[in-house]
Amino acid sequence: MLEIAHDLGIKHGVYPGTDIPFVATTDLMIRHGTPPKDRLALWQCKPATQRQSPRSRRVVQRLALEERYAIEAGAFSKIMYSDSLPERFHENLLWLEPLRSEIEAFGRSNQLIDFAHEFMRLANSDSIEVCRIKAAKKTGLDLEYSHTFFRMAAWGGLIDIDLTQPIYMNKMLNRSSEAFRDRLRRELLDA
């Protein structure tokens, strides 16, 4: 990062009161794809207000450093504003997000995959609630865990559900739009 800052003619910056260069970070980074064709995606997460308001010179410089770093690392870089995705999408992801203990207990479970498969088989004829109960019974899952399995499967993409819409358990499943998923892949992963 020191070399990149030098090449761009940007002051790197130091920790206040020291001459120690700060360690640059990015807000979010994932590796996606299958090796050897996998790729890094780096996202700088900013409030929606920064989209409209003029940025300080330093903010522009920091974003330029992050963008150049991504290029040097062979990664895709994207600025994500808090309003880039529908608010309902955020709300649903937060509601569905499994606890770490749930992921550790069931995340690698074949029963989760079987539950999701059975749920989707029933999704064209029954409400979400009925599909959840029937899928649990069919896969030998205790009904106590069926809501957890539904949340994990929906959050993890094992259930094709439109997270941009309200989720009503007493109604049929709204399937996600392929166009929306494709747009997300393009915008978030440059895929």
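The model shown is predicted, which means the values in this text are computed figures rather than measured ones. Heavy-atom basis, side chains included; hydrogens, waters and symmetry copies ignored.
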Co-membership, hydrophobic cluster, residues [X] and [Y], 4.5 Å side-chain:
X    : Y    : value
L173 : V130 : no
W155 : L28  : yes
W43  : V60  : no
W95  : L85  : yes
F89  : M80  : yes

**Request:** Please step through side chain to side chain contact (heavy atoms under 4.5 Å, CB included) for the pair L40 and I30, ending with a clear verdict.
**Result:** CA-CA 6 Å; L40 285 175; I30 66 163; over 6 Å; no
**Request:** Mark yes or no for whether Y81, through its side chain, and T49, through its backbone, hold a donor-acceptor pair below 3.5 Å.
**Result:** no
**Request:** Look at the side chain of D27 and the backbone N and O of C45, then say whether any donor-acceptor pair between them is shorter than 3.5 Å.
**Result:** yes
Should we say atom [atom1] of [X] is surrounded by more than 12 heavy atoms from elsewhere, each under 6.0 Å from it?
X    : atom1 : value
M29  : CE    : no
H6   : NE2   : no
E104 : CD    : yes

With a 4.5 Å cut-off on side-chain heavy atoms, are [Y] and [X] touching?
X    : Y    : result
I159 : R151 : no
M1   : H12  : yes
F119 : I161 : no
I128 : Y168 : no
E102 : Y145 : no
Y69  : L42  : yes
L184 : L189 : no
I10  : R62  : no

**Request:** Kindly state each residue pair satisfying side chain to side chain donor-acceptor pair (under 3.5 Å) with at least one member in residues 124-136, sequence neighbours excluded.
**Result:** N124-R175, D126-K134, E129-R132, R132-S146
Got a second to check how far [X]'s [atom1] is from [Y]'s [atom2], nearest 0.5 Å?
X    : Y    : atom1 : atom2 : answer
I71  : E67  : CD1   : CD    : 4.5 Å
Q165 : N174 : CD    : CG    : 6.0 Å
L65  : T26  : CG    : OG1   : 11.5 Å
K138 : E118 : NZ    : CD    : 5.5 Å
Y15  : I20  : OH    : CD1   : 8.5 Å
L188 : H32  : CG    : NE2   : 9.5 Å

Closest contact, heavy atoms only, [X] versus [Y]:
X    : Y    : answer
A136 : L143 : CB-CD2, 3.7 Å
M120 : L158 : CG-O, 4.1 Å
A123 : M172 : O-CE, 3.5 Å
T139 : Q111 : O-NE2, 3.0 Å
L63  : K46  : CD2-CE, 3.9 Å
L163 : I167 : CD2-CD1, 4.1 Å

**Message:** Using the rule given for side chain to side chain contact (heavy atoms under 4.5 Å, CB included), can you reason through I133 versus K137, listing the C-alpha separation, both sets of side-chain angles and the distance that settles it, and then say yes or no?
**Reply:** CA-CA 6 Å; I133 292 167; K137 288 179 180 176; 3.9 Å; yes
**Request:** Would you kindly say whether E187 and S84 are connected by a side-chain donor-acceptor distance under 3.5 Å?
**Result:** no
**Message:** Among L99, L112, L96, which residue satisfies the side-chain contact (heavy atoms from CB on, under 4.5 Å) criterion with M152?
**Reply:** L112
**Request:** Mind running side chain to side chain contact (heavy atoms under 4.5 Å, CB included) on F150 and M169 for me, showing each step along the way?
**Result:** CA-CA 11 Å; F150 168 75; M169 298 300 284; 4.0 Å; yes
**Request:** Show your reasoning for whether side chain to side chain contact (heavy atoms under 4.5 Å, CB included) applies to L141 and F149.
**Result:** CA-CA 9 Å; L141 178 66; F149 271 50; 3.6 Å; yes
**Asked** Taking only residues two or more places apart in sequence or in another chain, which ones pass side-chain hydrogen bond (donor to acceptor under 3.5 Å, both in side chains) with D160?
**Response** S176, R181
**Test side chain to side chain contact (heavy atoms under 4.5 Å, CB included) applied to P16 - qualifying residues, sequence neighbours left out** = none
